[in-house]
Every structure is written in structure tokens, then in C-alpha cells.
Colleague: 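Next up is a structure, given as C-alpha cells.
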Amino acid sequence: MSDIRTLPGFREFYPEDRAVLGHIMNVWRQSCRRYGFREWESPVLEPLELFTEKSGEEIVRQLFNFEDKGGRQVSLRPEMTPSLARMVGAKANGIPKPIRWFAIGENFRYEKPQKGRLRSFYQLNADLLGEAGPAADAEIMALCADCLLGFGLTQKDFRIRISDRTLWFRYLASLGIPESHAAAVLSVVDKLERGTPSDLLTAMTAALTGTNVDAAHALQAARTFAGTNSLEGLTQLAAGDEAMQNRLQDWKHLLHTLHALGFAECLTIDLTIVRGLAYYTGFVFEAFETGGEARALAGGGRYDTLVKKMHGPDLPAVGFGMGDVTVRDLLEAKQLIPAYADGPDFFVMILGEDARTAALNDIASLRHAGFRVEYNFHDGKFPKLIHAAEVAGARYALIYGGSEVAKGVTKVRSLTDRSEAEVPRTDIIPALRAVLAEGMRAVLP
RNA sequence: GUGGUUGUAGCUCAGUUGGUUAGAGCAUCGGUUUGUGGUACCGAGGGUCGGGGGUUCAAGUCCCCUCAAUCACCCCA
């Protein structure tokens with residue numbers, strides 16, 4: 001064993017593990033395609049400025065960044081949204097709207113590895129650009145839900161908690177809190193569930209310096225607002241405030257669309273979600289496991305100003321990300337990972353070197369016809385070879401011995417029920433195709 | 001970044017108050033009179049006991065440091 005190990009937070013995927021990752025990616029890809037989304041990809045290594053421009057210099061301590069041999073400041077991508085904004089921005093005028101794009105890629109973050117958070121992870125990103133109305137938000141949330149349902153999860157297994165930064169901003173404005181202070185107040189809201197009352201009051205006071213809003217009153221109002229989890233409750237709070245009432249029309253549209261699409265059961269209104277992401281501008285949402293672990297499975301929202309900020313056109317956008325690590329943890333806990341089966345269709349047992357040439361000829365034909373075929377490199381006895389076929393995970397063995405070759409046939413043997421049938425070598429491809437489709441009865445007399 | 005726990009073969013683990021050359025099961029590979037099955041039997045490979053330093057006649061075992069995993073915080077695009 002080498003004493004050079006993988007870097008902390010990085011994973012190796014042995015075939016069984018890679019199959020699980022492949023399954024996750026397949027479900028994501030299938031779900032996205034069903035929504036008409038097209039797959040894209042971008043470089044794993046990007047100029048450092050691509051990320052600092054969006055998120056500021058503080059982000060650098062969470063980046064895998066370095067100077068390349070050409071003296072360029074570069075970084076492995078921590079997310080794909082800036083690359084998306086750049087790509088869309090460059091060709092936005094020529095792409096039909098709305099743009100439905102998704103990507104599945106490896107991302108890197110330099111932080112202390114923990115459960116569900118590694119330094120390298122695969123993430124699905126799905127984004128819908130060019131549509132500002134709530135229909136697009138609904139479409140993205142629906143896709144997010146279907147990406148989870150595709151694994152065999154039910155709407156009971158997770159919740160999509162929906163919040164709204166726009167509504168928050170309008171509510172804070174109704175309290176007399178200016179937009180310039182709203183972001184700071186929201187970061188206090190984000191801590192409502194965790195912080196002690198005195199810490200929260202201190203933080204709120206700090207967030208409101210420069211205004212004449214009473215911190216205790218604002219804190220209480222924010223608590224009430226965050227605790228409202230029904231459209232009716234929000235409507236009451238919006239009474240007399242036209243801006244909030246207008247926004248609630250978008251909420252009605254959003255919820256109606258999602259209900260009509262069949263996602264009523266997994267949705268909840270939860271205004272405690274504000275997400276740290278400063279660039280979100282409207283609806284935001286997170287998908288959480290409902291079980292004891294309460295893992296965060298996905299998150300997203302509307303970011304109408306980001307593409308323009310990345311020097312692109314003024315293009316509204318909404319999207320979400322879903323990582324492979326927590327999804328995998330959840331699927332393992334729910335026993336929703338399909339059994340690993342990656343063996344060949346046929347294991348060709350070559351019994352005696354005299355049969356090898358004929359066997360190799362057929363092996364090549366079968367492979368070119370699309371079958372998955374293995375065979376024994378070294379001559380062996382029958383029990384040993386049949387065992388080898390089993391260990392390889394083959395469904396059927398094809399026996400090539402002196403007697404079969406002399407008769408111009410091969411013997412197909414089911415490794416599950418041990419039945420056998422002879423197949424003329426001239427007829428081998430259609431006969432074996434039938435065996436894979438219908439089982440041994442296709443060739444048994 | 002701050003604390004707690006853990007670290008012996010590929011995996012699961014044993015290893016006595018410190019005492020000879022660190023073991024078992026599973027797994028892997030080979031064999032058990034050359035054409036019909038995962039059993040059984042025999043055998044082999046595989047460990048600087050996470051790494052380094054210290055105490056001691058003697059360290060897998062005790063002490064310190066370090067690395068990694070993991071849990072709770074901070075953070076979380």
C-alpha cells in the first residue's frame with residue numbers, strides 16, 4: 001500500500017462507488033431532460049477573478065487557488081454559476097428564451113471536511129434564464145423536486161421550503177427599514193433559530209445603526225413574519241401595504257402552478273430561509289430531508305442581477321444546485337441505491353486451446369454486435385471456468401470445447417438456473433440477442 | 001478556524017497491570033488425478049500497529065507533537 005493518500009476531503013470511487021455516483025448523475029440527467037433542459041459544461045480551472053468578482057475577496061480563503069506557470073491567478077471552480085453567467089452572457093442575444101440549461105460537474109471548496117461537506121463534490125446545477133415571472137420559479141422548484149423523486153423518494157421524504165427575499169425587503173420597508181440596511185437585517189433573520197435573545201438583539205441593533213428603527217420592535221416583527229407559514233397569514237400581514245400585496249400575487253401564481261404540477265405535498269412556506277447568498281433577489285428555496293437527519297439536499301433561488309453583474313446582458317434567472325454527497329447519504333439511509341450489477345452479458349469458457357481460435361472469432365462478432373463479453377485468458381478446467389464466469393458477474397456462459405466446435409455450435413448455459421442449450425455458431429448473434437431479451441426459453445427446445 | 005472522540009492486514013476486529021518473531025474471521029491468489037458450480041480441505045501473499053519524537057532493559061500498549069477520519073461549533077456560493 002502506498003503511503004501517499006488522497007487529499008483530505010477528496011474521494012476515490014471504486015467501481016461499486018462509481019456506479020452509485022453514475023446512478024445519481026443518471027437520475028439528475030433524466031429529470032432535467034424531461035423538463036427540456038440541455039446539458040452544458042465549462043472549465044474546471046478558471047481565472048481567480050471570475051469568482052472574486054461575484055463573491056468578493058473573502059471568498060479566496062475557501063478556494064483552491066494558486067498561480068499557474070504563466071503567472072496567472074487561477075482557481076478550481078467552487079461553483080458553476082459564474083461560468084454559466086459568462087457563457088450565457090456571451091451569446092445571450094442568439095439563444096432562444098427562455099434558456100433551460102443544466103450541468104453536472106465536480107466542484108472544489110477549500111474548507112474543513114465534515115459529514116455531507118467535502119472539498120470535492122459533484123453538483124447538479126439547473127438554471128432557467130430569460131423569464132422573470134413566477135412561472136419560471138415554479139418550473140425550477142418542480143424540477144428540483146423531480147430530481148429527488150427520480151431516486152424513488154416520495155414527497156413525504158423531503159420538503160421544499162420556499163421563502164422570498166423580495167417579500168422580505170418589502171416587509172422590512174414597511175417597518176421603515178431602508179433597503180441599504182435590509183441585507184444586514186436578513187443576516188440576523190438567518191440566525192433567529194440559533195441565536196440567544198440577547199445576541200440577536202445586539203446583532204439587530206448593529207444592523208440598524210444609522211436608522212431610527214427600534215431594534216427590539218424590528219426583531220419581534222421579523223420573528224412574527226418568519227413564523228408565518230401560510231398565504232393567508234401573509235395576506236393579513238400585508239394588509240394595507242400595496243407593495244406586499246402585489247408580491248403576494250406572484251406567490252399565488254407560484255403555488256398554484258406547483259399544485260397543478262402535482263407538488264403540493266412537499267412544499268412549505270418557510271420565511272426563515274434567507275440563504276446567505278447575497279445575490280439572490282426573489283424567491284429562494286431549499287430542499288430538506290424530513291427525517292431526523294434534516295439534511296439540506298438542494299438550494300436555489302432567483303438571481304436577476306447576477307448575469308448583468310458578470311458583464312452580461314440584463315437577464316433574469318432562477319436556478320438551483322444539488323450535491324451528490326448528501327443525496328447519497330440519504331439514499332443509503334433509505335436503501336434506495338440499486339444493487340450493483342456490472343458483469344458482462346456472456347462469459348465465454350474456452351475449454352482447451354484447440355477451441356480458442358473459434359471462440360475468439362465469435363467473441364469479436366459478439367462484441368461488435370454490442371454484447372458485453374469476457375473470456376478466460378488461460379486454459380482451465382470446467383469447474384474453475386464456471387466459477388470464473390460467476391465471479392465475473394456474467395448472466396450466461398458460452399461453452400467452447402472440442403465437441404462444440406466440432407459440431408459448429410456453442411453451448412449457452414444460464415448461470416442462474418443451470419439450464420443449457422446448443423446454438424449454431426452461424427446463428428449466434430440473433431439467438432443470443434433473444435436470450436438476453438427473453439431468457440433461456442428463447443433457445444431451449 | 002475552535003473543541004471532543006477515534007486510528008492494528010483490503011474489510012470487521014482481538015491483542016492481559018508495558019514482556020519473545022503482532023493474531024483471527026471474511027476477502028484475494030494458488031492448489032486438492034483435465035467437461036458441469038459459490039461448499040469442504042491444504043497453502044500463500046498481504047502490517048515500518050496512521051506518522052514523528054519521548055519515557056523504559058523492553059512500547060501496538062504510557063506521555064507529547066503531528067496527520068487523517070468523525071461529531072459539535074464558525075462558515076456554507
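Letters go in sequence order (proteins before strands), and every chain restarts at 1.
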Colleague: In the strands shown, is G60(B) matched to any nucleotide by a Watson-Crick or G-U wobble pair with both distances under 3.5 Å, and which?
Modeller: none
Colleague: When rounded to the nearest Å, what value does the distance between C1' atoms of G31(B) and A68(B) take?
Modeller: 40 Å
Colleague: Does the C75(B) base have a donor-acceptor partner in the side chain of R61(A) within less than 3.5 Å?
Modeller: no
Colleague: Is any side-chain heavy atom of E46(A) closer than 4.5 Å to one of S83(A)?
Modeller: yes
Colleague: Of the listed nucleotides (G31(B), C73(B), A68(B)), which one gets closest to any side-chain atom of Q114(A)?
Modeller: C73(B)
Colleague: Could you work out the separation of G23(B) and A9(B) based on their P atoms and round it to a whole Å?
Modeller: 14 Å
Colleague: Taking the same atom, C1', in G47(B) and in U21(B), what whole-Å distance lies between them?
Modeller: 14 Å
Colleague: Now, which nucleotide makes the Watson-Crick or G-U wobble pair with U6(B), with each of the two distances under 3.5 Å?
Modeller: A68(B)
Colleague: G1(B) C1' sits how many Å from Y110(A) OH, rounded?
Modeller: 12 Å
Colleague: What nucleic acid atoms does E404(A) come within less than 4.0 Å of, heavy atoms only: base, sugar-phosphate, or nothing?
Modeller: base
Colleague: Tell me the interatomic distance from I273(A), atom CD1, to C76(B), atom P, rounded to whole angstroms.
Modeller: 14 Å
Colleague: Measure from the side chain of K384(A), starting at C-beta and using heavy atoms only, and say which of G31(B), U36(B), C76(B) lies closest.
Modeller: G31(B)
Colleague: Do R119(A) and Y110(A) meet the cation-pi criteria used here (NZ or CZ under 6.0 Å from the six-membered ring centre, within 45° of the axis)?
Modeller: yes
Colleague: So if I take every side-chain heavy atom of K381(A) and compare against C74(B), G38(B), U32(B), which nucleotide ends up nearest?
Modeller: U32(B)
Colleague: Considering every strand and a 4.0 Å limit on heavy-atom distances, what is the contact class for G9(A): base, sugar-phosphate, or nothing?
Modeller: sugar-phosphate
Colleague: What's the closest nucleotide to the P113(A) side chain, out of G38(B), A69(B), G35(B)?
Modeller: A69(B)
Colleague: Is the F320(A) ring parallel, tilted or perpendicular to the F285(A) ring (thresholds 30°, 60°)?
Modeller: tilted
Colleague: Once you measure the plane-to-plane angle for Y171(A) and F225(A), does it fall in the parallel (<30°), tilted (30-60°) or perpendicular (>60°) bin?
Modeller: parallel
Colleague: Among A68(B), U70(B), U36(B), which nucleotide has an atom closest to any side-chain atom of P8(A)?
Modeller: A68(B)
Colleague: Measure the distance from CG on L415(A) to C1' on U36(B) and round it to the nearest whole Å.
Modeller: 11 Å
Colleague: With a 4.0 Å cut-off, would you call E139(A) and R100(A) a salt bridge?
Modeller: yes
Colleague: If you round to the nearest 0.5 Å, how far is CG of N107(A) from CZ of R77(A)?
Modeller: 5.5 Å
Colleague: Does the distance from a Lys or Arg side-chain N to an Asp or Glu carboxylate O, for E286(A) and R161(A), drop under 4.0 Å?
Modeller: no
Colleague: May I ask you to say what G402(A) touches in the nucleic acid, namely base, sugar-phosphate or nothing, with a heavy-atom cut-off under 4.0 Å?
Modeller: base
Colleague: Reckon S419(A) touches a base, only the sugar-phosphate, or nothing at all at heavy-atom distances under 4.0 Å?
Modeller: nothing
Colleague: Over all strands shown, is K411(A) touching base, sugar-phosphate only, or nothing at heavy-atom distances under 4.0 angstrom?
Modeller: base
Colleague: Could you tell me how far C63(B) sits from C11(B) if I compare only their P atoms? Round to whole Å.
Modeller: 26 Å
Colleague: Checking base pairs now: Watson-Crick or wobble, both atom distances under 3.5 Å. What partners G23(B)?
Modeller: C13(B)
Colleague: Quick one: look up who A44(B) pairs with, Watson-Crick or G-U, both distances under 3.5 Å, and put none if it's unpaired.
Modeller: U28(B)
Colleague: Of the nucleotides G31(B), G38(B), U2(B), which one has an atom closest to the side chain of K112(A)?
Modeller: U2(B)
Colleague: To the side chain of K115(A), which of C76(B), U36(B), C71(B) is closest?
Modeller: C71(B)
Colleague: Give L385(A) one of three labels, base, sugar-phosphate or nothing, depending on what nucleic acid heavy atoms sit under 4.0 Å from its own.
Modeller: nothing
Colleague: How long is the line joining CE of M322(A) and P of C76(B), in whole Å?
Modeller: 21 Å
Colleague: Using a 4.0 Å heavy-atom cut-off, does S403(A) contact any base of the nucleic acid, only the sugar-phosphate backbone, or nothing at all?
Modeller: base
